[in-house]
Amino acid sequence: MTDDCPPMFFLKKKFESSPELARFVPFGVFVLLTYVQGENDVAARYWMYLVKTLVGAWLVLEARPFVEEMRWKISWEAVVVGVVIFALWVGLDGLYPRLTELKAGWNPHGKFGEGAAWFYVAVRIIGSSIVVPPIEEVFYRSFLYRYFVKTDFRAMPFNQFHGLSFFVTSIIFGVLHPDRWVAGIICGMAFQWLVIHKNRLGDAMTAHAITNFLLGLWIVWKGAWSFW
């Protein structure tokens, strides 16, 4: 027998020993895979999104035992915020200058037959509604918001408001959605408000999921692929 740790347990040991890594690594890997996925209009990027979603889901499962706030919570406030942010994301589109050129988006019907196209649509909606919310909410609303105030971020309660961190993290979230940055900033503020108001993260995860799910349905219904 040796003391070597199998790769599948290495990540768990790191997550267990470092609260920062448990909250940053899933987000960092997801962003890296998004970059690798690229923006070229080739069929391979659709399958790369599937890989990214599966890796993201695995990372969420690996981190969840060590991130106590990564627990879904449902409330009427979460539902209202989720619906309102969806409406703003769509309704404000085109009413302010973009920070980047608007891409045509990902229309799987132009790349695959009907079966594969609808499979991708399902993967995209499921991934954005179930995998993305815990990864992004844990990083932005739990880790980053509190880390900007205290390096021992877990000592800061979720219901503590800090004006500078509130706006800085929301602006970062918005700028990382450069084609719809104003909606992104409003979104970041709304989700952070939910965390502060409810003194927990789960409602923001639910609101994020509702927004992304409704957006996915709207994109498919309207053929508004540029939102993807």
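Everything quoted here is computed from the prediction, not taken from an experiment.
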Problem set entry | Y140/F27 aromatic ring centres below 6.0 Å |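 Yes - the distance between ring centres of Y140 and F27 falls below the 6.0 Å cut-off.
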Problem set entry | Sub-6.0 Å ring centroid separation between F112 and W118 |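 They do not qualify: ring centres at least 6.0 Å apart.
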For the residue pair [Y] / [X], report whether a side-chain donor-acceptor contact shorter than 3.5 Å exists.
{"X": "S128", "Y": "R124", "value": "no"}
{"X": "N212", "Y": "S129", "value": "no"}
{"X": "K103", "Y": "S226", "value": "no"}

Greater than 12 external heavy atoms within 6.0 Å of [X]'s [atom1]:
{"X": "L217", "atom1": "CG", "answer": "yes"}
{"X": "F66", "atom1": "CZ", "answer": "yes"}
{"X": "F153", "atom1": "CZ", "answer": "yes"}

Mind checking whether [X] and [Y] have side chains closer than 4.5 Å, heavy atoms only?
{"X": "K111", "Y": "N107", "value": "no"}
{"X": "V195", "Y": "D203", "value": "no"}
{"X": "F139", "Y": "V31", "value": "no"}
{"X": "L11", "Y": "L59", "value": "yes"}
{"X": "Y96", "Y": "R180", "value": "yes"}
{"X": "L201", "Y": "R71", "value": "no"}
{"X": "W218", "Y": "V90", "value": "yes"}
{"X": "C187", "Y": "T211", "value": "no"}

State, to 0.1 Å, how close [X] and [Y] come at their nearest heavy-atom pair, and which atoms those are.
{"X": "I210", "Y": "A78", "value": "CD1-O, 4.2 Å"}
{"X": "A63", "Y": "A22", "value": "CB-O, 3.6 Å"}
{"X": "A190", "Y": "I85", "value": "CB-CD1, 3.7 Å"}
{"X": "A155", "Y": "K150", "value": "O-NZ, 4.3 Å"}
{"X": "P134", "Y": "V60", "value": "CG-CG2, 4.2 Å"}
{"X": "A209", "Y": "W72", "value": "CB-CZ3, 3.7 Å"}

Any donor-acceptor N/O pair, [X] side chain to [Y] backbone, under 3.5 Å:
{"X": "Y145", "Y": "F158", "result": "no"}
{"X": "R45", "Y": "Q37", "result": "no"}
{"X": "T169", "Y": "L144", "result": "no"}
{"X": "H162", "Y": "S165", "result": "yes"}
{"X": "S17", "Y": "K14", "result": "yes"}
{"X": "T206", "Y": "K73", "result": "yes"}
{"X": "N159", "Y": "H197", "result": "no"}

For this session: Let me see the working for W47 and L50 under side-chain contact (heavy atoms from CB on, under 4.5 Å), right down to the final yes or no.
Result: CA-CA 5 Å; W47 301 113; L50 173 61; 4.0 Å; yes
I want to check a possible cation-pi pair here: [X] against [Y], using under 6.0 Å from ring centre and within 45° of the ring axis as the test.
{"X": "K52", "Y": "F30", "result": "yes"}
{"X": "R98", "Y": "W181", "result": "no"}
{"X": "R154", "Y": "Y147", "result": "no"}

For residues [X] and [Y]: do they belong to one hydrophobic cluster (side chain heavy atoms under 4.5 Å, members Ile, Leu, Val, Met, Phe, Trp, Tyr)?
{"X": "F86", "Y": "W193", "value": "no"}
{"X": "V175", "Y": "I186", "value": "yes"}
{"X": "I172", "Y": "M156", "value": "no"}
{"X": "F213", "Y": "W89", "value": "yes"}
{"X": "W76", "Y": "L214", "value": "no"}

For this session: Quick one: do V168 and F148 satisfy side-chain contact (heavy atoms from CB on, under 4.5 Å)? Show the steps, please.
Result: CA-CA 9 Å; V168 168; F148 281 160; 3.7 Å; yes
Problem set entry | salt bridge (charged side-chain N to carboxylate O under 4.0 Å, His left out) partner of E69, chosen from R200, R23, R141 |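 Testing E69 for a salt bridge (charged side-chain N to carboxylate O under 4.0 Å, His left out) against R200, R23, R141 leaves exactly one candidate, R23.
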When rounded to the nearest 0.5 angstrom, what is the spacing between [atom1] in [X] and [atom2] in [Y]?
{"X": "F227", "Y": "K222", "atom1": "CZ", "atom2": "NZ", "result": "11.5 Å"}
{"X": "K198", "Y": "S75", "atom1": "NZ", "atom2": "OG", "result": "4.5 Å"}
{"X": "L194", "Y": "M189", "atom1": "CG", "atom2": "CE", "result": "13.0 Å"}
{"X": "L176", "Y": "L99", "atom1": "CG", "atom2": "CG", "result": "10.5 Å"}

Exercise. Does the side-chain contact (heavy atoms from CB on, under 4.5 Å) test come out yes or no for Q160 and R146, once each step is laid out?
Worked result: CA-CA 9 Å; Q160 181 176 334; R146 296 188 292 170; over 6 Å; no
Exercise. Should the pair Y120 and W106 be assigned to parallel (<30°), tilted (30 to 60°) or perpendicular (>60°) ring geometry?
Worked result: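 Taking W106 first and then Y120, their aromatic rings lie parallel (interplane angle under 30°).
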For this session: Quick one: sort the W225 and W228 rings into parallel, tilted or perpendicular, breaks at 30° and 60°.
Result: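 Geometry flag for W228 against W225: tilted rings.
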Exercise. Passes side-chain contact (heavy atoms from CB on, under 4.5 Å), V51 versus L33? Steps please.
Worked result: CA-CA 9 Å; V51 172; L33 291 176; 5.5 Å; no
For this session: Step by step, work out the side-chain hydrogen bond (donor to acceptor under 3.5 Å, both in side chains) result for D179 and T100.
Result: CA-CA 5 Å; D179 52 346; T100 187; over 6 Å; no
